[in-house]
There are 2 protein chains.
Amino acid sequence: MASVFPLADLKASVKSDPRPGSRSDSWVDTIIKGDCVSALEALPSHSVDIIFADPPYNLQLGGTLHRPDQSLVDAVDDEWDQFASFEAYDAFTRAWLLACRRVLKPTGSIWVIGSYHNIFRVGATLQDLNFWILNDIIWRKTNPMPNFKGRRFQNAHETMIWASPSAKAKGYTFNYDALKAANDDVQMRSDWLFPICNGSERLKGEDGKKAHPTQKPEALLARVIMASTKPGDIVLDPFFGSGTTGAVAKRLGRHFVGIEREQDYIDAASARIAAVEPLGKAELTVMTGKKAEVRVAFNVLVESGLIKPGQVLTDARRRYSAIVRADGTVASGGEAGSIHRLGAKVQGLDACNGWTFWHFEDGQSLRPIDDLRSVIRSDLAKAE
Amino acid sequence: MASVFPLADLKASVKSDPRPGSRSDSWVDTIIKGDCVSALEALPSHSVDIIFADPPYNLQLGGTLHRPDQSLVDAVDDEWDQFASFEAYDAFTRAWLLACRRVLKPTGSIWVIGSYHNIFRVGATLQDLNFWILNDIIWRKTNPMPNFKGRRFQNAHETMIWASPSAKAKGYTFNYDALKAANDDVQMRSDWLFPICNGSERLKGEDGKKAHPTQKPEALLARVIMASTKPGDIVLDPFFGSGTTGAVAKRLGRHFVGIEREQDYIDAASARIAAVEPLGKAELTVMTGKKAEVRVAFNVLVESGLIKPGQVLTDARRRYSAIVRADGTVASGGEAGSIHRLGAKVQGLDACNGWTFWHFEDGQSLRPIDDLRSVIRSDLAKAE
DNA sequence: CGTCAGTCTGAATCAAGCA
DNA sequence: TTGCTTGATTCAGACTGAC
């Protein structure tokens, strides 16, 4: 897993089995080293299910920026983020988006993340190329960097665009019911709240400094992948960087393909992905349709890591137990469903408040999962 | 207030006093009836302080942007139609944005609101025209319309772009301190939470149906106007519609100019604005920080005797010390200079705010010399 | 072992005024 | 236009080390 694939070898491999849709599988679950567009052009047509792209933002920073305490802000000044003009950035964007569409299945979809520096150009280019925008999604950051000079609003979000390859492409995956069940039985909205990536999740080099300047949080990728793929799907990331997409895809039982130019990033991502333990099949079953009659309400706990997929919940007296799945449903015996339904089911009742019925192990004691919801609510309140 | 101004009369009026920056005032606090670009071209250059624009996103596009996926139009016509439509929309956007910039003061700023159907094109056009994006702001709706088909995320937000007329235009108004104070003493973020406009605020016709399809909530406009204008400023809305911008501007003690083509909307907006009662001066006072306060130099403290020549200043932890000299400079070791330069020097930094760095003995405690500046300012205020 | 205070840092288009 | 001086300015969360 996560082997590195030199571009020349990839071309030879794909040439030997070039049928669209077929694949020799040699490039699946690998990181292809090379230029984004060249690597994309070496892949078979219509061969991946979704694309998650975190392209350079084309930040145009002036001088240096200091905090009020005079410490220096470590800005993104990498060579890969430098473009001569908007025209150059647009040409770059067109090229990789066109290459992406050829590789994407007609039933697939693409996600692109950006900030106000680049996202408007990306969105307009997507439309110009006849991609069909399905949603724009706002990642609200719980802990964004402040505006130090007090001359603007605190830049507290980033924008993702979710699009299908054409207006007529209808087969894209959207796990509506699972998302709704996981969101307290109301539709998942277009604004998502997550912390930025730091702490132990943040990859660091031997010098203790961040391995990549723009590492995205796994929770963000988890929601993207759970929303728009099925288990076993192939997720392509043409700007692989620190490999968050690959790590989350592997954990969630999806395949990945990464494209990356810089060897340092490839090394960090390879090691990271190798350490990932995939979830089991039971945890990954995505609820589909209404026949399951299952309505869950706590995937935020799962996404935030307060509850982990595979974790066992019980009632207060440990008479009943259930296993948490990655999509925010729970399973027990042959039954699966929302915390509320399964709680009722195991007790033989018509209704049940899953939040107070199900408990989790906290050291030696059992605590209701509602306690964890309080933690999330507290975070949400702070973010408002 | 809120009289209607036929475009022909406006042209005659402005022609009689065409000096840029000057104004006969005849067009202030009126609704100009006519085409957006023509009306803008009839206004004096550099005459308004901010622009709030809620442009149509389906202009000349027929059903293209809103069309559900199941279109009966065949493929070739469909693609051609889309391409032509985006081009037409871009041309329209360029035209009204260019006309807006001529009318906008160099110290002004512009807000544009839109959804994913059009905001990416608007943002890219703003950048192409060398507007300088200051922030993108997300209006999160507390009560958005559900997604009925369950094929996408609930579209629960709209996007606003806030921009200055050029990268070098620095004088735009931003009431940072007032916003921060109003936000529990933390910086105002780029994501704002407001309900959509309904209930009694929603304008309705005699038939009881909504007078305008996209009436914006007054709270949204209030934050925009309070953030980026001063009392007495002129707020221009080139797509006036139901007149929310005018109503809020009047209530908040600002002037407005509206441009609108449809007589029905003009009638509704005129009546609405006429009923608005402006707030009093006391309610409108904007909290300002030190930037807007009277400048008090360090030597004023020495001259006034609050700080005495020979007195020793230290930093908050008494790691560094300096002696005050009669000319208002301070000295430490062999170095001397302003409170700022010496503060930077002793710390080995490029810059330092001497007002908050240097402290003086006050009984048993250390207090920043900035406290003494407040004393001076207080005395000055009493003398006014 | 826990607590508390201090430190560090994150995709940043981040000053204004005058000579 | 450019360069220099003055002086205005930070939130949340993880980590570190003292006690």
Side-chain angles (χ1 to χ4, degrees), chain A residues 54-78 80-83 86 113-119 139 141-159 195-202 204 208-210 212-217 239 241 379 382-383, chain B residues 107 127 131-136 163-164 166-172 174 176-177 180 183-190 288-293 295-298 316-317 337-341 343-344 350-358 369-370 373:
Chain A
D54 183 8
Y57 284 10
N58 189 25
L59 299 186
Q60 295 164 46
L61 305 176
T64 56
L65 178 65
H66 292 86
R67 297 183 175 81
D69 64 2
Q70 302 304 329
S71 64
L72 182 66
V73 173
D74 183 18
V76 175
D77 55 358
D78 303 73
W80 49 256
D81 198 45
Q82 310 297 321
F83 291 83
F86 284 135
I113 186 168
S115 67
Y116 67 84
H117 311 85
N118 72 322
I119 198 65
W139 168 28
K141 303 178 183 183
T142 61
N143 49 352
M145 182 147 68
N147 179 292
F148 296 114
K149 299 297 186 191
R151 295 295 296 141
R152 304 181 179 195
F153 297 93
Q154 183 184 31
N155 194 10
H157 73 275
E158 294 189 26
T159 301
I196 61 175
C197 179
N198 56 15
S200 60
E201 187 185 320
R202 186 95 197 201
K204 297 193 174 66
K209 292 184 177 172
K210 54 190 176 190
H212 191 279
T214 72
Q215 184 179 343
K216 295 292 177 288
F239 306 97
D379 289 344
K382 282 182 202 159
Chain B
T107 56
Q127 291 178 315
F131 282 86
W132 193 247
I133 297 178
L134 299 168
N135 281 112
D136 58 336
S164 63
S166 79
K168 288 181 221 116
K170 294 288 184 189
Y172 62 88
F174 181 57
Y176 174 82
D177 296 285
K180 183 175 174 179
N183 191 42
D184 283 354
D185 288 324
V186 292
Q187 295 185 332
M188 187 66 76
R189 296 166 48 108
S190 56
T288 55
K290 291 179 180 166
K291 274 179 192 150
E293 292 185 61
R295 181 171 171 250
V296 175
F298 180 67
R317 294 194 215 160
S338 74
I339 51 172
H340 311 296
R341 285 284 157 210
D350 288 333
C352 165
N353 180 353
W355 288 108
T356 53
F357 177 74
W358 293 112
I369 57 176
D370 205 25
R373 192 160 57 159

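The sequence lines fix the lettering, A, B, ..., with proteins before strands; numbering per chain opens at 1.
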Counting the atoms with a prime plus P, OP1 and OP2 as sugar-phosphate, which does [X] contact under 4.0 Å by heavy atoms, base, sugar-phosphate, or nothing?
X: A:Thr214; value: base
X: A:Pro217; value: nothing
X: B:Gly343; value: nothing
X: A:Thr64; value: base

Counting only N and O atoms by type, is there a donor-acceptor contact under 3.5 Å from the side chain of [X] to the main-chain atoms of [Y]?
X: A:Asp69; Y: A:Ser71; result: yes
X: A:Arg202; Y: A:Cys197; result: yes
X: A:Arg151; Y: B:Leu134; result: no
X: A:Gln215; Y: A:Lys210; result: no
X: B:Gln187; Y: A:Asn147; result: yes
X: A:Asp81; Y: A:Leu59; result: yes
X: A:Asn155; Y: B:Ser190; result: no
X: A:Lys216; Y: A:Thr214; result: yes

In whole Å, what is the span from the [atom1] atom of [X] to the [atom2] atom of [N]?
X: A:Leu61; N: C:dC14; atom1: CG; atom2: P; result: 7 Å
X: A:Asn118; N: C:dA11; atom1: CG; atom2: P; result: 14 Å
X: B:Phe174; N: C:dA15; atom1: CZ; atom2: C1'; result: 14 Å
X: A:Phe239; N: C:dA11; atom1: CZ; atom2: C1'; result: 15 Å
X: B:Arg317; N: C:dT7; atom1: CZ; atom2: C1'; result: 9 Å
X: B:Leu134; N: C:dA12; atom1: CG; atom2: C1'; result: 13 Å
X: B:Asp136; N: C:dA11; atom1: CG; atom2: P; result: 16 Å
X: A:Tyr57; N: C:dG10; atom1: OH; atom2: P; result: 15 Å

Original post:
Is the distance from OP1 or OP2 of C:dT9 to the nearest side-chain N or O of A:Lys210 less than 4.0 Å?
Top reply: no
**OP:** Using a 90° cut-off around 0 for syn, call D:dT5 syn or anti.
**Re:** anti
**OP:** Report yes if the ring of B:Trp132 lies under 5.5 Å from the six-membered base ring of C:dT13 with planes under 30°, and no otherwise.
**Re:** yes
**OP:** Would you mind telling me which of C:dA16, C:dA12, C:dG10 lies closest to the side-chain atoms of A:Arg202?
**Re:** C:dG10
Original post:
Of the nucleotides C:dA16, C:dT13, C:dA11, which one has an atom closest to the side chain of A:Asn155?
Top reply: C:dT13
Subject >> Salt-bridge contact B:Arg373-B:Asp370 (side-chain N to carboxylate O under 4.0 Å) >> reply: yes
[atom1] spacing across the pair [N] / [M], given as an integer number of angstrom:
N: C:dA11; M: D:dT9; atom1: P; answer: 25 Å
N: C:dT9; M: D:dA8; atom1: P; answer: 27 Å
N: C:dT13; M: D:dG13; atom1: C1'; answer: 26 Å

Would you say the base of [N] and the side-chain of [X] have a donor-acceptor pair closer than 3.5 Å?
X: A:Arg152; N: C:dT13; value: yes
X: A:Lys216; N: C:dA11; value: yes
X: A:Asn58; N: C:dA11; value: no

**OP:** Indicate the ring-plane relationship of B:Trp355 and B:Phe298, choosing parallel, tilted or perpendicular according to the 30° and 60° boundaries.
**Re:** perpendicular
**OP:** May I ask which nucleotide in the shown strands pairs with C:dG10, Watson-Crick or G-U wobble, both distances under 3.5 Å?
**Re:** D:dC11
Original post:
Paired with D:dT5: which nucleotide, if any, by Watson-Crick or G-U wobble criteria at under 3.5 Å for both distances?
Top reply: C:dA16
Original post:
What one-letter contact string describes nucleotides 1-11 of chain D from 5' to 3', where B marks a base within less than 4.0 Å of any protein heavy atom, S marks contact via sugar-phosphate atoms alone, and - marks no contact?
Top reply: -----BBBBBB
Original post:
How does protein reach along nucleotides 14-19 of chain D, written 5' to 3' as B (base within reach of a heavy atom under 4.0 Å), S (only sugar-phosphate), or - (no contact)?
Top reply: SS----
Original post:
Would A:Ser115 and A:His117 count as a side-chain hydrogen bond (donor to acceptor under 3.5 Å, both in side chains) if you check the C-alpha gap in whole Å, the side-chain angles of each, and the deciding distance to 0.1 Å?
Top reply: CA-CA 5 Å; A:Ser115 67; A:His117 311 85; 2.5 Å; yes
**OP:** On DNA chain C, check which nucleotide each of A:Asp54 and B:Tyr172 is closest to and give me the residue with the more 5' one.
**Re:** A:Asp54
